[in-house]
Each structure stands twice: as C-alpha cells, then as structure tokens.
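All values reported here derive from a predicted model rather than from experimental measurement. Proteins get letters first, then strands, A, B, ... in listed order; numbering begins at 1 in each.
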2 protein chains.
Amino acid sequence: MTVLDDLDGKIIGLLAEDARKPLTEVAGQVGLSTSAVNERVRRLVAQGVIRRFTLDASPEALGLPVLALVWAAVPHAREAAFRSFAASHPGIVECHHVTGVWSYLLHLRVADLAGVETFLTELKSEDLLERSETMLALSTVRSAPWVPR
Amino acid sequence: MTVLDDLDGKIIGLLAEDARKPLTEVAGQVGLSTSAVNERVRRLVAQGVIRRFTLDASPEALGLPVLALVWAAVPHAREAAFRSFAASHPGIVECHHVTGVWSYLLHLRVADLAGVETFLTELKSEDLLERSETMLALSTVRSAPWVPR
DNA sequence: AGTGAAACAACCACACC
DNA sequence: GGTGTGGTTGTTTCACT
C-alpha cells in the first residue's frame, strides 16, 4: 500500500509552502532529478496522499471576517438532510460529527453577525436544528487554509 | 484599496480547485489573455487576497487519523506562552480565541488516543491549562484543507 | 488594464541505467 | 526508482492599445 519515505515528506512540505513552485526547484532542494520528483508527485496524487493543490485566501479580503463556531443538536430523523445541507452550504467551512452532548460542530464564515442569525434561522426553518450554541472566534492563533467557494 | 471584480473571483475559484493549473488554461476559462491572468494573480498575491498556494493532504495517509477538538481554559498569566506554544506545535491544526466559558478551541491532529493524552499532559506540565474538555471527531462532513508540518 | 509576440523556463515522455 | 534528453507547453516581459 502506501509507503512514504522522507523524500516524499520533503516534497510535500515544499509544495505545501508553495504549490506553484517549479518541480525543477523542488528537485534541486531534495536532491533528485526533475523527472523523479515529477513521478513522485504524480504517485502521491494518484494515491490520494495529496488530495489536491489549492490556495489559502484571506476571508477578510473577501468580505467574510466573522468566524462562528456552532454546536448543533440535529433531529435524528434529519441527520441525512443535515449532512447534505452542511456539505453544500458555502458558509460552512468545516462540519464534524463529534462525541459529547452536541452532535455536530460547524465552522461558519460570514460577513457579519446578521449572517450568523440568517444561518441559524435557515437551519431551523428546514427543521435541521433542535438546539444550538454559538461561539465567536475573537482572534485566531493558527488557522487552516481558507478556500472560498 | 482592495477591489475585486468577478474575474478575480473566477480566477481564485479555478486556482482553488487546482493551484497548479496552467495560467493559459485559466485564461481560456475566464476569457482573458494569459498575460492579464498572470498580472491579476500577481496582484492578488501582492495584496494578500491569496495568501499562498498550498496543498490539501490526507491526514490518514500520513498517520494522523485522529482529530480531537479541545476546549481549553488557560491561566491568564500564561496566555502569551499558550499562544506561542499553539502557534508552533505541529499537532495543532487550528487555535481560536473564543467567546464563552472556554478561552480557546483547538483542533488537534494525532496518531491515536494516546497522542491526545500526551498532548494534554504536555500542556498541563507547562502550566498552560487550567481545565479542558475534549471531543473527538467521529466523522467529518466537510473539512478545511490539511497541510502537514 | 488588456493584448500579442518573443525569449525563456518548466514539464514530461522516453530511452537507458 | 533513478537519470538525462529533447520536443511540447507554460510563463513572463515588453511594446503597443
């Protein structure tokens, strides 16, 4: 199956820093030929180790400065509907099914607090929400890349 | 300041899908010349709208299948130390300062449950944790890109 | 801001190790 | 798996609009 050596790790690290870095440069930095790097990258993508090359954008620059963390209790009968809603809603950046008293934790990116209210109203009106509790991110020490959609 | 039109949005969308897509292709899809796209991408990066080109890797493939969501109460006097710890710890994927009874929400990527315990023990031993509550992600409906480090 | 052309650089298939 | 080569493709600069 999937066997990764430390050269694969280095290549992933370099392309994580800059996915558009020429493979010739990557090759120089890891001590392989361009062809070998090209082949390894092809293999890593084919294996699903690298899912895709993407970008990290600034939510503030795109008008979505508010990050809300929403705990949600979802009616059992509506779980499937909730999941497909969460998968397709553009404001939902993350959605995890979690242990504990709440069923799901969502990360929601919106323009302002009115956006949070609109979102919760939308969820309730589709009967996808029994109860919820929302926290706001005041500041972020470390964040995952943000990909607009 | 930052003015973005819908062509910028399209370009960002296409490169978010595949950051290594040739700009010649992007140009064809948005109806501009390659040079114009090149110039817009340069501008978007310079403005910080695009922070970087990166990749989305599989945490499972890299041996980190467990995602723990950790609420943390941090001693006031240790906040600065906590923040620099969180910023540099490789397992901490996200760290947000939040409203509500807990100070911080962390996302932790680890190999197994023992990794969660080790992490909490490490935090406590450096006096960075007053109390905490950990939830495990059972499954993920939608996730942000994961960038190994 | 955008275009088109030309010079340059990177990619990748292939023959060989 | 790896290297090196060379034809093909992509990038980038620049004169012009």
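Remark on the helix from C:dA1-D:dT17 to C:dC17-D:dG1: inter-end axis angle 20°, axes from five-pair C1' superpositions, rounded to 10°.
Across B:Leu55 and B:Val147, no two heavy atoms sit closer than the pair O-CG2, 3.4 Å. The two residues A:Pro148 and A:Ala57 have their closest heavy-atom pair at CD-CB, 3.9 Å.
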Distances under 3.5 Å between nitrogen or oxygen atoms of protein and nucleotides 13-16 of chain D:
unit_1: D:dT13; atom_1: O4; unit_2: B:Ser35; atom_2: OG; d: 3.3

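Using a 4.5 Å cut-off between side-chain heavy atoms of Ile, Leu, Val, Met, Phe, Trp and Tyr, A:Leu108 falls into a hydrophobic cluster with A:Val66, A:Val70, A:Val74, A:Phe82, A:Phe85, A:Ile92, A:Tyr104, A:Leu106, A:Val110, A:Leu113, A:Val116, A:Phe119, A:Leu120, A:Leu123, A:Leu128, A:Leu129, A:Leu136, B:Val141.
Taking atom CZ on A:Arg40 and atom C1' on D:dG1, their separation rounds to 8 Å, with Å as the unit.
The aromatic ring centres of B:Trp71 and A:Trp71 sit less than 6.0 Å apart.
Listed by first and then second residue, the side-chain hydrogen bond (donor to acceptor under 3.5 Å, both in side chains) pairs involving residues 52-62 of chain B are A:Arg51-B:Asp56, B:Ser58-B:Glu60 (not counting sequence neighbours). Listed by first then second residue, pairs satisfying ring-ring contact (aromatic ring centres under 6.0 Å, His included) with a partner in residues 27-47 of chain B number zero, not counting sequence neighbours. Listed by first and then second residue, the ring-ring contact (aromatic ring centres under 6.0 Å, His included) pairs that reach into residues 36-66 of chain A come to none, sequence neighbours excluded. Annotation: side-chain hydrogen bond (donor to acceptor under 3.5 Å, both in side chains) contacts involving residues 128-147 of chain B, sequence neighbours excluded, comprise A:Arg83-B:Ser139, A:His96-B:Thr140.
Residues satisfying the salt bridge (Lys or Arg N to Asp or Glu O under 4.0 Å) criterion with B:Asp6, sequence neighbours excluded, are absent altogether. Considering only residues two or more places apart in sequence or on other chains, B:Arg20 meets the salt bridge (Lys or Arg N to Asp or Glu O under 4.0 Å) condition with none of them. The salt bridge (Lys or Arg N to Asp or Glu O under 4.0 Å) search around B:Glu25 returns none, not counting sequence neighbours.
In the 5' to 3' direction, nucleotides of DNA chain C lying under 4.0 Å from heavy atoms of chain A begin and end at C:dA10 to C:dA13.
No donor-acceptor pair under 3.5 Å is formed between the side chain of A:Arg149 and the backbone N or O of B:Ala16.
For DNA chain D, the neighbouring residues in residues 7-23 of chain B, judged by any heavy atom under 4.0 Å, are B:Pro22, B:Leu23.
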